[in-house]
Amino acid sequence: MQNTVTLIGSISSDILATTTQDGAPQAAFRLVTYSSRRDRATGTWINRTPSFLNVRCTRQLARHVHASLHRGDPVIVTGRLRVVQSKDSRLSRVEIDAVCIAPDLNRVRVSLVRQAATSAA
């Protein structure tokens with residue numbers, strides 16, 4: 001079973017750049033998301049309790065995340081959801097193995113930098 005989710009939130013930690021066991025680049029950060037409700041009396045949005053999740057990505061996505069995003073940036077993350085148990089099984093944490101991470105264009109503007117095409121020679 002594949003648990004694919006899309007979450008909207010902000011990067012709440014510094015982005016950690018490491019490598020996987022096979023030497024591929026890896027990036028990891030904490031994502032904070034808020035469920036919100038609209039206050040009908042004032043017309044404003046009220047954030048409820050935050051949820052924190054670990055996000056991991058590898059290879060080209062990891063390189064681009066590390067070079068482009070920073071703590072506090074609003075992002076949209078899509079990936080596979082998984083729950084990871086601690087070694088003593090007393091605690092668990094939710095992680096996302098990201099397949100796509102992008103700035104949330106509802107909250108920021110970006111300027112794109114396109115990579116040069118690589119030849120298959």
Side-chain angles (χ1 to χ4, degrees):
M1 180 167 97
Q2 181 121 349
N3 297 318
T4 302
V5 296
T6 299
L7 295 171
I8 299 171
S10 296
I11 297 174
S12 65
S13 69
D14 291 331
I15 297 171
L16 177 64
T18 59
T19 57
T20 63
Q21 289 180 346
D22 63 353
Q26 179 174 296
F29 61 88
R30 297 268 291 162
L31 178 75
V32 60
T33 65
Y34 293 91
S35 62
S36 301
R37 71 171 182 82
R38 189 167 180 93
D39 183 337
R40 291 183 188 192
T42 64
T44 60
W45 287 93
I46 299 171
N47 286 336
R48 295 184 177 170
T49 306
S51 296
F52 292 88
L53 302 101
N54 294 325
V55 177
R56 296 192 181 284
C57 58
T58 57
R59 298 181 175 36
Q60 190 70 10
L61 180 57
R63 285 188 202 100
H64 288 176
V65 164
H66 190 259
S68 305
L69 299 173
H70 305 359
R71 179 193 297 236
D73 287 346
V75 292
I76 301 169
V77 176
T78 299
R80 291 175 295 281
L81 184 68
R82 63 186 178 131
V83 177
V84 179
Q85 296 289 330
S86 65
K87 292 183 181 183
D88 61 5
S89 297
R90 292 179 46 207
L91 300 173
S92 61
R93 67 183 184 274
V94 178
E95 287 190 353
I96 299 175
D97 290 325
V99 295
C100 183
I101 300 172
D104 182 354
L105 296 179
N106 280 311
R107 299 191 283 165
V108 295
R109 279 183 24 194
V110 297
S111 295
L112 296 177
V113 177
R114 302 203 192 285
Q115 275 189 289
T118 57
S119 63

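- C100 pairs in a side chain to side chain contact (heavy atoms under 4.5 Å, CB included) with only one of the listed residues (T6, L61, T78), which is T78.
- Of the possible polar contacts, one joining the R38 side chain to the G43 backbone as a donor-acceptor pair under 3.5 Å is found.
- A distance of 6.0 Å separates CG in L31 from CG in L53, rounded to the nearest 0.5 Å.
- Counting heavy atoms from C-beta outward, D73 and F29 have side chains that stay 4.5 Å or more apart.
- The side chain to side chain donor-acceptor pair (under 3.5 Å) test with D97 singles out one residue from R80, R82, R56, and that residue is R82.
- Residues V65 and L16 do not share a hydrophobic cluster, defined by chaining ILVMFWY side chains whose heavy atoms lie under 4.5 Å apart.
- Between A27 and A62 the shortest heavy-atom distance is N-CB, 3.5 Å.
- Hydrophobic cluster membership of I76, counting Ile, Leu, Val, Met, Phe, Trp and Tyr whose side-chain heavy atoms lie under 4.5 Å apart directly or via other members: I8.
- Going from atom CD1 of I15 over to atom NE2 of H66 covers 7.0 Å, rounded to the nearest 0.5 Å.
- Under the 4.5 Å side-chain criterion, counting only non-hydrogen atoms from C-beta, R107 is in contact with S10.
- Here the closest heavy-atom approach between residue P25 and residue R63 is recorded as CG-NH2, 3.5 Å.
- Atom CD1 of I11 sits about 4.5 Å away from atom CG of L69, to the nearest 0.5 Å.
- Under the 4.5 Å side-chain criterion, counting only non-hydrogen atoms from C-beta, D104 is not in contact with V75.
- Of all heavy-atom pairs between D39 and I46, the closest is CB-CD1, 3.6 Å.
- Applying the 4.5 Å side-chain rule to ILVMFWY residues, one finds that V113 remains a lone member of its cluster.
- In this structure, S13 OG and R71 CZ are separated by 6.5 Å, a value rounded to the nearest 0.5 Å.
- Atoms CD1 and CD1, on I101 and I96 in that order, are 9.0 Å from each other to the nearest 0.5 Å.
- A pairwise comparison of heavy atoms in V108 and P103 identifies CG2-CB, 4.1 Å as the closest pair.
- Looking at V5, V99, V55, T33 one by one, the single match for side chain to side chain contact (heavy atoms under 4.5 Å, CB included) with V77 turns out to be V55.
- Expressed to the nearest 0.5 Å, how far OG1 of T19 lies from CD of Q26 amounts to 8.0 Å.
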Q.
Is there a side-chain contact (heavy atoms from CB on, under 4.5 Å) between R30 and N54? Walk through the geometry before answering.
A. CA-CA 5 Å; R30 297 268 291 162; N54 294 325; 2.8 Å; yes
